[in-house]
Amino acid sequence: MDNFKKIYPVFEENFVSVVSQSSNKYVLYLSVVLESLVQNSSKNINYDLVVFEKDILELEKIY
């Protein structure tokens with residue numbers, strides 16, 4: 001596990017961390033999750049988003 005970098009929250013207060021993983025096979029589901037988060041988010045909360053991905057095509061990352 002020494003090869004992994006620690007991930008720290010960007011915000012120091014009033015935040016929610018959201019972590020997900022996906023591959024190109026499931027990228028449509030990931031997009032639904034992220035869109036739902038945007039639609040249901042609160043302006044009073046800071047969101048730290050982390051997405052671990054493998055083999056997601058660059059074209060899919062644009063949208």
Side-chain angles (χ1 to χ4, degrees):
M1 292 206 120
D2 293 333
N3 295 336
F4 296 100
K5 289 174 66 175
K6 288 188 176 185
I7 299 174
Y8 298 98
V10 173
F11 302 101
E12 294 184 11
E13 56 185 50
N14 200 28
F15 69 92
V16 172
S17 296
V18 179
V19 179
S20 184
Q21 65 180 17
S22 185
S23 67
N24 204 62
K25 187 174 180 178
Y26 298 101
V27 74
L28 291 177
Y29 301 106
L30 175 62
S31 67
V32 171
V33 169
L34 295 175
E35 182 62 29
S36 177
L37 182 64
V38 169
Q39 295 297 321
N40 296 291
S41 62
S42 169
K43 293 181 181 185
N44 300 322
I45 298 176
N46 298 308
Y47 294 88
D48 276 319
L49 303 175
V50 177
V51 177
F52 295 100
E53 61 92 8
K54 181 178 180 181
D55 301 327
I56 295 180
L57 299 174
E58 290 299 318
L59 181 63
E60 298 290 353
K61 294 177 186 180
I62 295 171
Y63 301 102

State which residues pass side chain to side chain donor-acceptor pair (under 3.5 Å) with Ser42; sequence neighbours excluded, sorted by chain then number.
none
Trace of the side chain to side chain contact (heavy atoms under 4.5 Å, CB included) decision for Ile56 with Ser22
CA-CA 8 Å; Ile56 295 180; Ser22 185; 4.1 Å; yes
What's in the same ILVMFWY side-chain cluster as Val33, cut-off under 4.5 Å, chained through other members?
none
List, by chain and then residue number, the residues other than Leu49 in its hydrophobic cluster (Ile/Leu/Val/Met/Phe/Trp/Tyr, side-chain heavy atoms under 4.5 Å); write none if there are no others.
Val16, Val18, Leu37, Ile45, Tyr47
Taken in chain and number order and not counting sequence neighbours, the residues that satisfy side chain to side chain donor-acceptor pair (under 3.5 Å) with Gln21 are none
Cluster overlap Tyr26 with Leu28, hydrophobic side-chain contacts below 4.5 Å
no
side-chain contact (heavy atoms from CB on, under 4.5 Å) filter on Leu34, not counting sequence neighbours, yields Leu30
Residues pairing under side chain to side chain donor-acceptor pair (under 3.5 Å) where one sits in residues 48-57, two or more places apart or in two chains, turn out to be Glu53-Lys61
Taking atom CZ of Phe11 and atom CD of Glu13, what is their separation to the nearest 0.5 Å?
11.0 Å
